[in-house]
Every structure is written in structure tokens, then in C-alpha cells.
Amino acid sequence: MPQPDATLVPGAAETRGTHVPEGVDVEEIPEHIAGLSPDEQHLAEMGYKQELNRSWSGFSNFAISFSIISILAGCFTTFSSGWNGGGPAAIAWGWPVLAALVLCIGLCLSELVSAYPTSGGIYWWASKLGGAKSGYYTGWLNLIGLLAIVASVAYGCATFLDLTLGFLFPGSYTSGNLDTIFLYFMGVVALAAIVNIFSSHLLSIFNRVSVWWHVFGALAIILILVILPNHHASASMVFTSTVNNTGFFGGKTSGLGFLIVILPIGALLTQYTITGYDASAHLSEETHSAADSAAKGIWRSIFYSAIGGWLLLLAFLFAVQNESKVTSGGGGVSLIFAQALTSRWGGTVLLISTVGQFFCTMACLTSCTRMLFAFSRDGAVPGHQLWSRLSSRRVPVAGVILVAVVGIILTLPALIKVDINGAPSPVAFFAVVSIGVIGLYWCFAIPIWHRWRMGDSFQPGHWNLGAKYKVLSVVALLDVVLVTFMAFMPTSNLGVPWTTGFAWKYVNYTILVFPAFLIFLWIYWHVSVKNWFTGPKQTIEQETIELLGGVDYPASSLP
């Protein structure tokens with residue numbers, strides 16, 4: 001990366017590209033600083049020495065966010081949310097509109113990661129721009145969001161493994177047993193943890209494979225659904241048919257209630273699927289040319305996933321053979337495959353999705369553990385010495401285990417059987433999904449808000465929005481408001497206390513867990529944290545930071 005106002009340090013630095021500000025005597029540069037690469041130098045300016053293994057390419061950085069977004073996961077596991085909360089028309093029109101809003105958030109985050117490419121990611125930005133208290137809340141919101149996403153993706157993978165076996169072995173295997181699914185879920189989490197523990201290089205390979213699995217897997221599914229069904233739904237059904245399968249408003253599919261209550265419930269499909277792209281930030285300390293690569297990794301993963309996901313969802317909708325049976329069955333995507341395909345072809349489609357969901361689980365676990373590592377490195381998590389400790393392979397092993405265990409605990413309510421209108425409903429799964437979504441989007445909002453308030457005083461990195469940040473930041477924050485409303489909504493009227501037939505098993509427990517979590521954070525801050533937490537801690541000497549702090553990085557505009 002060119003440095004017009006810098007001098008190349010002689011010796012080891014000549015081969016690694018280390019630069020120092022003009023006017024600084026190179027003889028003053030310590031030998032260990034002279035050997036820093038540009039990425040390590042940028043990290044040192046933020047106060048950290050290179051600890052994690054920087055072995056990821058720009059493509060690998062993009063790949064992990066693309067894998068976590070995973071159209072083979074979210075488009076399958078939360079399809080019923082979109083169907084029940086609006087129907088085909090809401091999915092067909094809602095996906096591109098909501099995806100555009102998510103892209104605005106991603107572009108704002110891309111600008112921030114270019115300026116501050118560190119594993120703490122969103123938490124670090126909030127601390128830098130808004131102070132220690134802002135960073136504290138952001139870090140915990142990010143962490144709880146990532147923990148819930150790990151749990152939801154792994155449980156979705158287990159559910160679709162169960163469905164796949166049911167399709168491939170009809171008559172000899174009965175799917176739908178919650179105890180069996182939970183065992184599969186624990187197995188998925190354990191296997192993903194093992195892969196994370198033993199090799200960051202292997203993870204990088206898996207993420208590269210995952211990209212092509214998602215691309216060619218989604219293409220194969222689309223072709224199967226285009227070629228094999230006996231007939232396809234009409235464009236009128238796909239783009240105009242609406243469904244209200246929630247029990248609210250007597251099932252009406254028009255009026256103000258449908259617009260402001262039912263459609264936001266269905267929005268969970270898009271908002272959940274296109275999330276987790278902050279992984280590119282969390283892996284920035286392991287990525288070459290991170291200030292540029294991580295920024296592009298975020299927005300590109302959103303953009304390409306939005307296009308691929310829309311095509312995939314349209315293929316689902318056009319493959320519907322009997323709309324009323326999909327609705328009466330609970331709106332699950334497997335009902336469409338059972339109508340349109342033979343059991344073997346349906347099982348093949350589900351198998352492609354299941355493998356993609358496992359790739360997604362591994363990537364989610366990686367992202368979450370890196371966030372936990374960074375937050376613990378700064379002393380913000382109880383037991384931080386353990387969670388920030390690296391193995392000989394430079395992997396936070398204890399952190400990986402902790403994330404796996406907490407993910408399993410969060411999902412325990414999924415063992416409770418819930419039927420709505422005679423069809424099985426994964427209420428607990430959607431609650432975990434909602435916790436993940438609201439945690440992540442709230443933590444995104446905090447640094448975006450601070451960056452917007454700073455205006456032109458913000459020091460951009462290589463990749464920046466220019467003046468476009470003024471509009472994009474506002475749009476991004478408005479989308480967070482929509483997400484907040486959506487995440488707290490019950491998925492059925494039976495989860496509302498004043499409704500006949502109400503039972504606690506139908507409740508979207510996000511509305512209980514998340515406020516309780518915020519209250520705990522508030523109490524913990526005022527009772528203890530504010531007395532000792534000062535935000536990100538330096539792991540290198542202040543003199544070194546000051547010595548390197550004069551380097552200006554040239555900025556690039558939006559591509």
C-alpha cells in the first residue's frame with residue numbers, strides 16, 4: 001500500500017513494507033517494529049500486537065461472511081416465517097427491498113472496518129468513536145447476537161439433516177422427533193467446534209469451499225426446481241398472492257394490521273438470512289491487506305447473497321403445486337419439495353442445504369470466538385484470561401468451547417413440542433433467531449450512529465463512502481428500527497397473553513430475554529464495570545503507538 005509521506009525502514013522492513021512517518025529518525029525505530037508488515041503496523045497503531053495467525057486472503061475473508069449469510073441456511077430455515085407472515089408476494093417483493101436496506105448497513109460497516117481493521121470489530125469502533133460505555137454495550141450486544149446466531153444455524157442444520165433423512169429413507173426413517181433433532185444439533189455444534197479448535201488454515205480452506213458449495217449448490221437447486229416439477233405456479237400467484245397464517249386479525253391479508261404487524265413478522269426471513277457479515281471485521285486481524293479486503297468482504301457478501309437468495313426463493317415459489325396445503329402445513333419449504341419432487345430429488349435438495357448449513361455453522365462459530373477473544377482481551381468478559389488465551393495453533397480453544405456450550409443452553413427450549421393450527425411450529429427456534437438478529441443489528445447501529453454524528457471529523461480508511469455516509473447512515477438506522485419491531489413480535493396470536501388459547505410455549509421469548517439482558521448490562525455497568533473498564537486495552541507500548549501514529553492511509557471511494 002503506497003505511503004507518500006513515509007520513509008521505508010531499512011533492514012527487515014525492506015522486505016515487509018513497513019513505513020514510518022516522514023521526519024522520524026529511522027534509527028529510533030526498534031528492531032521488532034522495523035520488521036512489521038503494513039497490516040501489523042496498522043494493527044500496532046490501534047494498540048495491538050499481532051497474535052492471531054494472519055493467513056487469510058481477501059477471498060477467504062469474503063468467504064466467511066458469505067458462508068455465514070448462507071442462502072442455503074436462512075432461505076430454507078426461516079422460509080416459513082416469510083410464508084406465514086405475508087405469503088409469496090411478501091417474499092418475492094420483500095426480499096429485494098429489505099436486502100437493499102441491509103446493504104446500506106453493510107456499506108456503513110465497510111467504511112468503519114477499513115478505518116479500524118481489528119478483531120474487536122464493531123465493539124472497537126464504538127469504543128473509539130463513542131467511549132468506553134458505548135463500547136461496553138456494543139460488545140455485549142454483538143456477543144449475545146453472535147451466540148444466538150451460532151445456536152440457530154446449528155439447530156437449523158440439525159433440523160434439515162433430520163428432514164433429509166426422512167426424504168431419502170421414506171418408510172424406514174421418521175423425521176420430526178425433537179429429541180433426535182436436539183442430539184443432531186449437539187453433534188453439529190461439537191463437530192464445528194473441533195474443526196475450529198484444530199486449524200485456522202483448515203477453516204480458511206472450508207470457507208473457500210463453502211463459497212463454491214453455496215454458488216453451485218444454489219444453482220443446482222434452482223435447476224432442479226425449474227426442470228423436474230410437473231408444472232409451475234403462475235407469476236400472478238408468486239407476485240400477488242398473500243397469506244396470514246399467524247392467527248392475527250382473523251387471517252386477513254389486507255388492511256393496516258396486515259401492513260404494520262404481519263409483514264414485519266415475515267421480514268424475519270430476509271433480516272435473519274442476510275446477517276453475520278460482520279465476520280469479515282472479526283477476522284480482519286487474520287486477513288492480508290485487511291483495511292481493503294475486510295471492507296470489500298462485508299459489502300460484497302451482502303450484495304451477492306441478495307441476488308442469489310432472491311433467485312433461490314423465486315425458484316421455491318414457482319415450484320409450489322398446492323398453495324393451500326403449504327399454508328395448512330405451516331409454510332415450511334420442505335412441503336414444497338414434497339409436492340414438486342420425488343423423495344430422492346427432494347432429499348438431494350435438502351442435503352445440499354444441510355451441508356451448506358454446516359459450513360455456515362463453522363463460520364459462525366469462528367466469528368463468535370474471535371469476537372469473544374477480542375472482547376476478553378480487553379477484560380470485558382468474566383473469566384477473560386481464559387477466553388483470550390491462545391493455543392499453540394493460535395486458536396482461542398476455551399473460547400470455542402464456551403461458545404459451543406452457551407449455544408446449546410440457549411436452544412434448550414426447542415425440546416418443547418409446539419403445534420399451531422395443527423402444524424408443528426418452531427417457536428423456540430424463531431426466538432433464538434430473533435435474539436441473534438436484534439443483538440447484531442443493535443450493535444451495528446451504535447458505531448454507525450457515532451460515525452454519522454462525527455461527520456467530516458471522522459478519519460476514513462482505504463475504503464470509504466465519501467459524502468454518501470450522510471444518507472446511508474440514516475437509512476441503516478431506520479432499518480434497525482424495523483428489525484427491533486420485527487424481533488419482538490410473536491410468531492402466532494397464541495403467544496399473546498390476552499388471546500384465547502394462550503400458553504407460554506407459544507411466546508417469542510425474545511421479548512423477555514432481551515430486555516432482561518439489557519437490564520443486567522445496565523446494572524452491571526453502574527455497580528461494577530464503570531469503575532474498571534476503560535475500553536480497548538493496548539498490548540504494545542504507548543511509545544510505539546505514538547511513533548507509528550503519524551501514518552496517513554490514502555482513501556478510496558465506493559467502487
Q) For the residue pair F76 and F337, does the interplanar ring angle fall in the parallel (under 30°), tilted (30 to 60°) or perpendicular (over 60°) class? A) tilted

Q: Check the surroundings of atom CZ in F169: do more than 12 heavy atoms from other residues, nucleotides or ligands lie under 6.0 Å from it?
A: no

Q: Count the heavy atoms of every other residue, nucleotide or ligand shown that sit under 6.0 Å from CZ of F303, and state whether that count exceeds 12.
A: no

Q) Which residues satisfy the side chain to side chain contact (heavy atoms under 4.5 Å, CB included) test with A363, sequence neighbours excluded? A) I64, S67, I68, N207

**Q.** Aromatic centroids of F514 and W442 separated by under 6.0 Å
**A.** yes

State, without any angle test, whether [X] and [Y] hold a side-chain donor-acceptor pair at a distance under 3.5 Å.
{"X": "S434", "Y": "Y272", "value": "no"}
{"X": "Q357", "Y": "S353", "value": "yes"}
{"X": "D479", "Y": "Y441", "value": "no"}

Q: Would you name the heavy atoms of T411 and A151 that are closest together and state the gap between them?
A: OG1-CB, 3.3 Å

Q | Those residues that, when tested against S236, pass side chain to side chain donor-acceptor pair (under 3.5 Å) (two or more places apart) | A | T240

(Q) List the residues meeting ring-ring contact (aromatic ring centres under 6.0 Å, His included) with Y184, not counting sequence neighbours, and say none if there are none. (A) none

Q) I105 pairs by side chain to side chain contact (heavy atoms under 4.5 Å, CB included) with which of I302, V480, I298, D278? A) V480

